[in-house]
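One structure is given here, and the rest of the page talks about it.
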Amino acid sequence: LHDALPISARRTARAVDNPVVRWLGRIPLPLRGKLLIGFAAVAGLLALVGVLGLVALNQSNSRGEQLLRLQRQAVFVQLVLTDATQLQATIEFRINTPGSTKQFGSGIDQAIGNSASQLCVDSGLRCLGGAIPGRFTLSTVDPRAYRLLATSVPLFFRIVGDPGPGGSVESILAQAKGFVDSFVTQVQATARRTHARSNALVAANRSSFASSRELLIGVGAGGLALAL
């Protein structure tokens with residue numbers, strides 16, 4: 001009992017030194033009313049945590065959905081970029097390799113046509129061979145690159161030996177190379193933007209988690225201050 005008295009006295013001293021306790025003590029209300037005010041303050045803090053937690057959770061879910069959508073787009077954009085790079089290499093090989101300069105229709109020309117057809121399919125465009133495009137459409141992500149591809153398709157009809165725009169073999173190949181170089185540059189820029197947006201969403205999620213953690217710590221400290 002002797003040892004307990006100093007502890008009780010210290011607790012009483014701490015309570016008296018608590019500014020919240022002193023403020024409640026000056027309110028001209030009975031003890032029951034003051035207790036109700038304290039309980040209401042704690043309940044208000046808990047309600048605030050709940051509301052802010054729901055807001056943070058909804059924002060996190062929204063960012064998660066956006067991140068998933070961007071990751072899917074990134075996969076398709078990378079596939080289109082791979083197709084375009086393959087087409088670019090094939091056209092450069094055709095230009096740099098001695099071959100017919102009078103007409104199209106050689107094996108390497110057919111390879112160019114196959115690469116162009118695959119690029120169209122993966123970009124959501126029906127062109128050479130009539131292959132059915134996939135579900136992804138490049139126009140939803142990069143309309144400029146999609147228009148560039150759509151307006152350049154006639155060049156590849158000519159390369160595979162079908163009717164197409166006039167001009168010499170050299171001029172058609174030069175136009176095709178100009179198209180694919182511009183297309184690759186455009187899609188590379190889109191891929192970088194998509195990657196940057198994904199990183200920004202990940203950083204936002206981390207920041208939101210840190211803010212929520214600090215909020216919980218702050219509310220816990222406030223509740224502890226009221227309890228002491």
Side-chain angles (χ1 to χ4, degrees), residues 63-202:
R63 284 191 293 266
E65 293 174 358
Q66 293 179 40
L67 181 59
L68 180 60
R69 185 166 58 252
L70 284 175
Q71 288 174 337
R72 289 174 178 172
Q73 289 180 1
V75 170
F76 287 115
V77 169
Q78 186 59 47
L79 178 61
V80 170
L81 184 58
T82 300
D83 294 340
T85 303
Q86 177 64 36
L87 176 61
Q88 186 181 44
T90 309
I91 292 174
E92 290 177 350
F93 181 79
R94 173 66 167 88
I95 292 173
N96 297 325
T97 301
S100 175
T101 58
K102 295 182 179 180
Q103 62 181 3
F104 288 110
S106 65
I108 187 65
D109 294 333
Q110 295 301 321
I112 291 174
N114 292 336
S115 296
S117 178
Q118 188 62 50
L119 176 60
C120 288
V121 170
D122 291 336
S123 299
L125 179 65
R126 185 189 295 269
C127 58
L128 302 177
I132 299 176
R135 296 177 59 184
F136 172 73
T137 303
L138 184 61
S139 60
T140 60
V141 179
D142 192 337
R144 182 178 178 182
Y146 184 85
R147 288 194 300 269
L148 191 61
L149 174 60
T151 55
S152 301
V153 167
L155 293 172
F156 298 100
F157 279 107
R158 174 73 188 280
I159 290 175
V160 298
D162 293 335
S168 65
V169 170
E170 291 90 344
S171 67
I172 295 297
L173 289 174
Q175 293 177 59
K177 186 178 185 305
F179 147 71
V180 75
D181 288 346
S182 299
F183 186 85
V184 167
T185 300
Q186 179 67 27
V187 176
Q188 283 175 338
T190 299
R192 287 193 296 269
R193 287 195 301 270
T194 302
H195 183 68
R197 290 174 61 191
S198 298
N199 288 342
L201 286 174
V202 171

Query raised in the report: For L81 and V184, what are the C-alpha separation, side-chain angles and deciding distance, and is it a side-chain contact (heavy atoms from CB on, under 4.5 Å)?
Result: CA-CA 6 Å; L81 184 58; V184 167; 4.1 Å; yes
Requested in this report: With side chain to side chain donor-acceptor pair (under 3.5 Å) as the test, would you mind laying out the steps for E92 and N96 before giving the verdict?
Outcome: CA-CA 6 Å; E92 290 177 350; N96 297 325; 5.6 Å; no
Closest approach of [X] to [Y] (non-hydrogen atoms, all atoms of both residues):
X	Y	result
C127	S117	SG-CA, 4.3 Å
V153	C120	CG2-SG, 4.1 Å
P154	T151	CD-O, 3.6 Å
R158	G167	NH2-O, 2.8 Å
F104	I159	CB-O, 3.0 Å
T90	Q86	OG1-O, 2.8 Å

From [X] atom [atom1] to [Y] atom [atom2], the distance as rounded to the nearest 0.5 Å:
X	Y	atom1	atom2	result
R147	S152	CZ	OG	12.5 Å
I172	I91	CD1	CD1	11.5 Å
S171	L155	OG	CG	9.0 Å

**Report entry** R197 and T194: CA distance, side-chain angles, deciding distance, side chain to side chain donor-acceptor pair (under 3.5 Å) verdict
**Finding:** CA-CA 5 Å; R197 290 174 61 191; T194 302; 5.7 Å; no
Query raised in the report: Within the distance-only criterion (no hydrogens, no angle test), does the side chain of D83 pair as donor or acceptor with the backbone N or O of V80 below 3.5 angstrom?
Result: no
Measuring only between side-chain heavy atoms, which start at C-beta, is [X] closer than 4.5 Å to [Y]?
X	Y	result
I108	T97	no
V169	R94	yes
F183	L87	no

Requested in this report: Verify whether one side chain among T137 and T140 offers a donor that lies under 3.5 Å from an acceptor in the other.
Outcome: no
Query raised in the report: Do the rings of F156 and F179 sit parallel, tilted or perpendicular, given the 30° and 60° boundaries?
Result: perpendicular
